[in-house]
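Order of listing sets the numbers, starting from 1, for every ligand and every atom in it. As a basis for the values below, the full set of heavy atoms in this structure was taken, side chains included, without hydrogen atoms, waters or symmetry mates.
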Amino acid sequence: MASQEDNLKKIISHCKEYGFVFQSSEIYDGLAAVYDYGQYGAELKNNIKDYWWRSMVQLHDNMVGIDSAIFMHPKVWKASGHVDGFSDPLIDNKDSKKRYRADELIEGQLEKIQQKINKEIDKAAKRFGDRFDEKQFCETNPRVLVNQEKINTLNKRFVKALEENNLKELRQIILDQEIVCPVSGSRNWTDVRQFNLMFTTQIGSTAEGASEIYLRPETAQGIFVNYLNVQKSARMKIPFGIAQIGKAFRNEIIARQFIIRMREFEQMEMQFFVRPGEEMKWFEYWKEARLKWHHALGMPDEDYRIHTHEKLAHYANAAVDIEFRFPFGFKELEGIHSRTDFDLSQHEKFSAKKLQYFDPEIEESYIPYVVETSIGLDRMFLSILSFAYHEEKLADGSERVVLKIPPALSPVKVAILPLVKKDGMDEKAIQIFKELRFHFNCQYDEKDSIGKRYRRQDAIGTPYAITVDGQTLKDSTVTVRYRDTMEQRRISVDELLVEITKDVAIEHILKSL
Ligand code: GAP
């Protein structure tokens, strides 16, 4: 069986070979943690954005979308807390010279202990079969209890150190837990230091007149500073939401796991403005709504889990992550945060502009509370590819790599293939192609054997392949081949539009939300 690392490597090389994702500036040996999306990657990304935008903006009466600038006034980031607090605690191993996030090393240690518990549970579940009671087992098994106690103690110490920003204590935890560098295997650690993740650049034409500004590390602040503009110009009444898709930049020190942690990435964020005191109701609403959005794509429920934050960011009074099972394990895909009135109050203070909302129902002015949903587009992209990538052995002994991308998101929806390029089959195929491309992203392909062409379409996740053969010219029927089952059906050319729309129309998914 392929290891988890192998699976990720296969996905990465597939992404390159078939034009989904390339290393940025590859001919110059690349730029770490920066990636370019190729011809199919760009299509898949656009389809994900479309699904998100339509589910948020089009399907909610009380939601509008904006597109704010990447550059913002530097005071925005002072007010939001990013200048002073948006940093990672870093530690170096003196032998390997590798740099790590201290909090991630400790989280890894917690995960290791948790895995010991999981192993005990798996063993017992096998031993006891149907009679197994997991809850009772966890409450009574001595080895589970000892490990659970270790987790609780370590977690308490860890959370306290983070809350107090106690870098010495973080280092001490790493030493006490005997955490070693995965590269050198040694425990020869430096001190822990904070490192701000924001990129800076200069704005203005002359050296003297230029001033330093930041590349936004999240899109959310563009929504906060525009909230009154939008509320007034769109005459929105609380509760209402503002959605946005856009680039964000973070100088991630540890770039790992492909497009999971990038220096330039894209976020799909939504801020929902609510009456103070009603934020928990909306927090629960959005948690459910966002889970439903993921599940509606048809990927297995067990590939998602909810992680509730114990240590809350300074601005939040509740937060959860929706995690996805990537090839290297569960990892955050989306965050849902109850951000209180922190951001708007800070902007009111720093800008000296009133940001209060007059609520006509209760005849009161207040600064709204905010519930945020924030999903990384690139992580969403990788979650789909992780689910979709399959290597299959076929009945005739051959193998195929197929991307079982949810059809509505597939980069190409239909391939139109003449069986051979003669006797008018190619002309008929081109005629069908020219008609269908008004409705879907289609591809016409006449090169190589039909088998090879099917494989190429499987590899990019095209759900339908239409073959035009000799019979087509007689009775205007074609064969439709279905990507996942490889089943082939003969249908009339006139039925194609309805047959294909059945599966690939995003409307069907949107209606199930
Ligand atoms: N406005 C809230 C916010 O930015 P976050 O948890 O820092 O919250 C939200 O980021 C989402 O953005 C994450 O759940 C993740 O999907 C994505 N994300 C964050 N940093 C990323 C990075 N360096 N590379 C790719 N995606 C990232």
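- Taking a cut-off of under 4.0 Å to the non-hydrogen atoms of Arg339, the atoms of ligand 1 that pass are 1 (N), 2 (C).
- Between Ile259 and ligand 1, no N or O atom pair is found at a separation short of 3.5 Å.
- Taking atom 17 (C) of ligand 1 as the reference point, the nearest protein heavy-atom neighbour is Gly376 CA, 3.6 Å.
- Look at Arg305 and Asp321 and you find no salt bridge, because none of the NZ, NE, NH1 or NH2 atoms lies under 4.0 Å from a carboxylate O.
- Of the polar atoms of Tyr315, none of the N or O atoms is found under 3.5 Å from an N or O of ligand 1, judged by distance alone.
- Between Asp378 and ligand 1, no N or O atom pair is found at a separation short of 3.5 Å.
- Asp88 and Arg101 are joined by a salt bridge, as a carboxylate oxygen and a charged side-chain nitrogen come within less than 4.0 angstrom of each other.
- The shortest N or O to N or O distance between His337 and ligand 1 is not under 3.5 Å.
- For residues 11-25, every residue pair satisfying the side-chain hydrogen bond (donor to acceptor under 3.5 Å, both in side chains) rule, not counting sequence neighbours, is listed here: Lys16-Glu26.
- Of all the atoms in ligand 1, the ones that sit under 4.0 Å from a non-hydrogen atom of Arg250 are 3 (C), 4 (O), 5 (P), 7 (O), 10 (O), 19 (C), 20 (N).
- At the top of the distance list for atom 13 (C) of ligand 1, counting protein heavy atoms only, stands Glu332 OE2, 3.2 Å.
- Annotation: atom 18 (N) of ligand 1 to nearest protein heavy atom, Phe265 CE1, 3.5 Å.
- Lys331 forms no cation-pi arrangement with Phe326, by the criterion of a distance under 6.0 Å to the ring centre and an angle within 45° of the ring axis.
- Electrostatic pairing of Lys160 and Glu169 does not count as a salt bridge here, judged by no charged N lying under 4.0 Å from a carboxylate O.
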Give every donor-acceptor pair under 3.5 Å between a side-chain atom in residues 244-252 and any protein atom, sequence neighbours left out.
unit_1: Gln244; atom_1: OE1; unit_2: Ser68; atom_2: N; d: 2.5
unit_1: Gln244; atom_1: OE1; unit_2: Ser68; atom_2: OG; d: 3.0
unit_1: Gln244; atom_1: NE2; unit_2: Ser68; atom_2: OG; d: 3.2
unit_1: Gln244; atom_1: NE2; unit_2: Thr219; atom_2: O; d: 3.2
unit_1: Lys247; atom_1: NZ; unit_2: Glu264; atom_2: OE2; d: 2.8
unit_1: Arg250; atom_1: NE; unit_2: Pro217; atom_2: O; d: 2.9
unit_1: Arg250; atom_1: NH2; unit_2: Pro217; atom_2: O; d: 3.0

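- If you number the atoms of ligand 1 from 1 as listed, the ones under 4.0 Å from a heavy atom of Glu334 come out as 14 (O).
- The single protein non-hydrogen atom nearest to atom 10 (O) of ligand 1 is Gln267 NE2, 3.4 Å, given as residue, atom name and distance.
- Residue Asp67 qualifies as open at atom CG: its count of foreign heavy atoms under 6.0 Å is 12 or below.
- Near Glu372, the atoms of ligand 1 lying under 4.0 angstrom from a non-hydrogen atom of the residue are 1 (N), 2 (C).
- Remark: Arg339 engages Glu218 in a salt bridge, criterion side-chain N to carboxylate O under 4.0 Å.
- With no hydrogens or angles considered, no side-chain donor-acceptor pair links Tyr100 and Asn93 at under 3.5 Å.
- Enclosure of atom CZ in Phe358 by more than 12 non-hydrogen atoms of other residues, nucleotides or ligands within 6.0 angstrom is indicated.
- Atoms of ligand 1 lying under 4.0 Å from any heavy atom of Glu269, numbered from 1 in the order shown and given with element: 1 (N), 2 (C), 3 (C), 4 (O).
- Between Ile260 and ligand 1, a contact under 3.5 Å exists for at least one N or O pair.
- Counting only N and O atoms by type, the side chains of Trp293 and Ser55 include a donor and acceptor under 3.5 Å apart.
- The closest protein non-hydrogen atom to atom 9 (C) of ligand 1 is Ser374 OG, 3.0 Å.
- Interface atoms of ligand 1 facing Arg261, defined by a heavy-atom separation under 4.0 Å, are 22 (C), 23 (N), 24 (N).
- At under 3.5 Å, a nitrogen or oxygen of Met262, whether backbone or side chain, sits near a nitrogen or oxygen of ligand 1.
- Residue-ligand proximity, Leu333 to ligand 1, at heavy-atom distances under 4.0 Å covers atoms 14 (O), 16 (O).
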